[in-house]
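First comes the structure, then the notes that go with it.
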Amino acid sequence: MALTGRAALLAALGSIPVGILDPSWTGILAVNAPLAAACLCDFALAAPVRRLGLSRSGDTSARLGETADVTLTVTNPSGRPLRAQLRDAWPPSSWQPGTEVAASRHRLTVPAGERRRATTRLRPTRRGDRVSDRVTIRSAGPLGLFTRQGTHRVPWTVRVLPPFTSRKHLPAKLARLRELDGRTSVLTRGEGTEFDSLREYVPGDDTRSIDWRATARHSTVAVRTWRPERDRHILVVLDTGRTSAGRVGDIPRLDASMDAALLLAALASRAGDRVDLLAHDRRVRALVQGRTARDVLPSLVTAMATLEPELVELDARGLTSTALRTAPRRSLIVLLTSLDTAPVEEGLLPVLAQLTQRHTVLLASVADPYIARMSQARGDVEAVYEAAAAAQAQSERHRTAEQLRRHGVTVVDAPPDELAPALADAYLALKAAGRL
């Protein structure tokens, strides 16, 4: 026997998937059969969700702080138009705080048998890989009374690269490099540099650069000019251990070290030197070797993108042995690590001789500008105690740096904003002195 009245209505409502019907409608529909019929018709005319075809396209990488556009293409193979609300879910760090709702939600109308696109604009706040989550689609009928809802997995990954903010210093450092390279008329002298040309002596020139044979053949004193050797090997070593996780200002120490390493790599590759990268804590986290001058910077950026600090102590012996295997002949080893007293004295100093005997070693460390501000504090008892603590910390740091210098290590200690240009200047000074 066919059901009629309230029994028929409840039977029809029972065929609707759980979660589709708004509970507030149940009582209304139970006493209003025409409205119930309209709702059921609206539900039946809503385009099915699970049969939709979804695909992605767009950016696969972006620098930290920049935007990445990922386009979602929705294909409606059914015979009913799709009127949908769409949520494209990504990890929370894919957007600036508070912008996720506006950026991830879209409204789409897709006619039967056609396709439409929705673009989600990401603005990641952290380095690394951002992997898309699920796509949730809510399809409404023409009256908007009922909806069908479903989710789809549409994989896509956007790799967030280091921002390389120190790129702005590159033109000035390249100008200095051209001076060292002899393209500008200056004298650069040092053991191990290559002879470039002769020119007339001017007051202030080093008398050791006078070419006496050439002077005897001319009526003026001639001096030799030099240009730095090319094809030197530089190994950049990133400490990814516990101390690299500390934040200085708004960024971890590791990120500031990466930025300095990228500026050095860009400068050294333009100088004709070969640059390799080793990231290490208890084990090798990244190793980039044998790249050409054109490929070295993109390779380093890609390798650094997924690096994160590990909350373990740096294995200095393991790092040293790996560095010696990676750089079998004389090289410049640039170690980006901490100048804290305990890690240096207990870990690095006992094995440092193994590096300095065969290589030129440059250590660069991120200094905390807040410590310098604390040392200037005055006015009350608490401020004086802060100043005393800061002065003690600075004294220990300077003592550690002097210990390293006595072992033949060049030390660069600078705040995050100044570390990259300071490291580039140290490299150019070593090159000018013929120590590479």
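These values consider heavy atoms only, across backbone and side chains, with no hydrogens, waters or symmetry-generated copies.
Of the possible polar contacts, none joining the Ser395 side chain to the Ala391 backbone as a donor-acceptor pair under 3.5 Å is found. Although no hydrogens or angles enter the test, the distance criterion places no donor-acceptor pair under 3.5 Å between the side chain of Arg406 and the main chain of Leu404. The closest donor-acceptor contact from the side chain of Thr240 to the backbone of His280 lies under 3.5 Å. Judged by distance alone, with hydrogens and angles left aside, the side-chain atoms of Asp273 form a donor-acceptor pair with the main-chain N or O of Arg232 at under 3.5 Å. The closest donor-acceptor contact from the side chain of Arg105 to the backbone of Arg87 lies at 3.5 Å or more, if one exists at all. Judged purely by atom type and a 3.5 angstrom limit, His359 uses its side chain to pair as donor or acceptor with the backbone of Ala327. No donor-acceptor pair under 3.5 Å is formed between the side chain of Arg134 and the backbone N or O of Ala89. Without hydrogens or angle criteria, Arg83 side chain to Ala46 main chain gives no donor-acceptor distance under 3.5 Å. Not a single donor-acceptor pair under 3.5 Å links the side chain of Arg148 to the backbone N or O of Val49.
When all heavy atoms are compared, the tightest approach of Ser365 to Leu419 is O-CD1, 3.4 Å. Here the shortest heavy-atom pairing between Ser331 and His233 reads OG-ND1, 2.8 Å. Closest approach of Ala47 and Ser139 over heavy atoms only: O-OG, 2.8 Å. The two residues Trp95 and Thr125 come nearest to each other via the heavy atoms O-CG2, 3.4 Å. Contact record, Pro111 with Asn76: O-ND2, 3.6 Å, taken as the closest heavy-atom pair. The two residues Arg317 and Pro350 have their closest heavy-atom pair at NH2-CB, 4.4 Å.
The salt bridge (charged side-chain N to carboxylate O under 4.0 Å, His left out) test with Asp88 is passed by exactly one of Arg117, Arg153, Arg56: Arg56.
The closest side-chain heavy-atom distance from Val411 to Leu339 is below 4.5 Å. Inter-residue side-chain proximity for Gln85 and Thr136 is flagged as unmet; no heavy-atom pair is nearer than 4.5 Å. Ser132 is not listed as a side-chain neighbour of Val70, based on a closest heavy-atom distance of 4.5 Å or more. With contacts defined as side-chain heavy-atom distances shorter than 4.5 Å, the pair Asp259/Ile251 does not qualify. Side chains of Leu362 and Val412 form a contact here, defined as non-hydrogen atoms less than 4.5 Å apart.
Put simply, OG on Ser166 and CG on Leu423 are 9.5 Å apart, with the number rounded to the nearest 0.5 Å. Asp255 CG to Leu64 CG: the interatomic distance, rounded to the nearest 0.5 Å, is 7.5 Å. Put simply, CZ on Arg242 and CZ on Arg253 are 10.5 Å apart, with the number rounded to the nearest 0.5 Å. The OG1 atom of Thr306 sits 10.0 Å away from atom CG of Leu161, with the distance rounded to the nearest 0.5 Å. Note that the CZ atom of Arg115 and the CG atom of Leu108 stand 13.5 Å from one another [nearest 0.5 Å]. Leu428 contributes atom CG, which lies 9.0 Å from atom CG of Leu264 (distance to the nearest 0.5 angstrom).
Judged purely by distance below 3.5 Å, without hydrogens or angles, the side chains of Arg330 and Thr360 pair a donor atom with an acceptor atom. Between the side chains of Glu345 and Thr341, no donor-acceptor pair of N or O atoms lies under 3.5 Å. Between the side chains of Asp129 and Thr157, no donor-acceptor pair is found at a separation under 3.5 Å. For Ser244 and Asp239, the side-chain atoms include no donor-acceptor pair closer than 3.5 Å. Side-chain atoms of Thr119 and Asp69 form no donor-acceptor pair, as typed in the model, at a separation below 3.5 Å.
Ionic pairing of Glu402 and Arg405 is present here: one or more N-O contacts between side-chain nitrogen and carboxylate oxygen are shorter than 4.0 angstrom. Of the charged side-chain nitrogens involved, at least one lies within less than 4.0 Å of a carboxylate oxygen, so that Arg397 and Asp340 count as a salt-bridged pair. Look at Arg291 and Asp276 and you find no salt bridge, because none of the NZ, NE, NH1 or NH2 atoms lies under 4.0 Å from a carboxylate O. Taking 4.0 Å as the cut-off between side-chain N and carboxylate O, Arg373 and Glu386 do not count as a salt-bridged pair.
The number of heavy-atom neighbours closer than 6.0 Å to CG of Asp250, taken from other residues, nucleotides and ligands shown, is 12 or below. Within a 6.0 Å radius of CZ in Arg358, other residues, nucleotides and ligands contribute more than 12 heavy atoms.
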*Evaluation steps, side chain to side chain contact (heavy atoms under 4.5 Å, CB included), between Leu287 and Thr322*: CA-CA 10 Å; Leu287 181 62; Thr322 304; 5.9 Å; no

*Taking it one step at a time, do Arg130 and Ser94 satisfy side-chain hydrogen bond (donor to acceptor under 3.5 Å, both in side chains)?*
CA-CA 7 Å; Arg130 297 292 167 268; Ser94 301; 4.7 Å; no

_side chain to side chain contact (heavy atoms under 4.5 Å, CB included) evaluation trace for Leu82 with Arg116_ = CA-CA 10 Å; Leu82 173 69; Arg116 293 291 185 270; over 6 Å; no

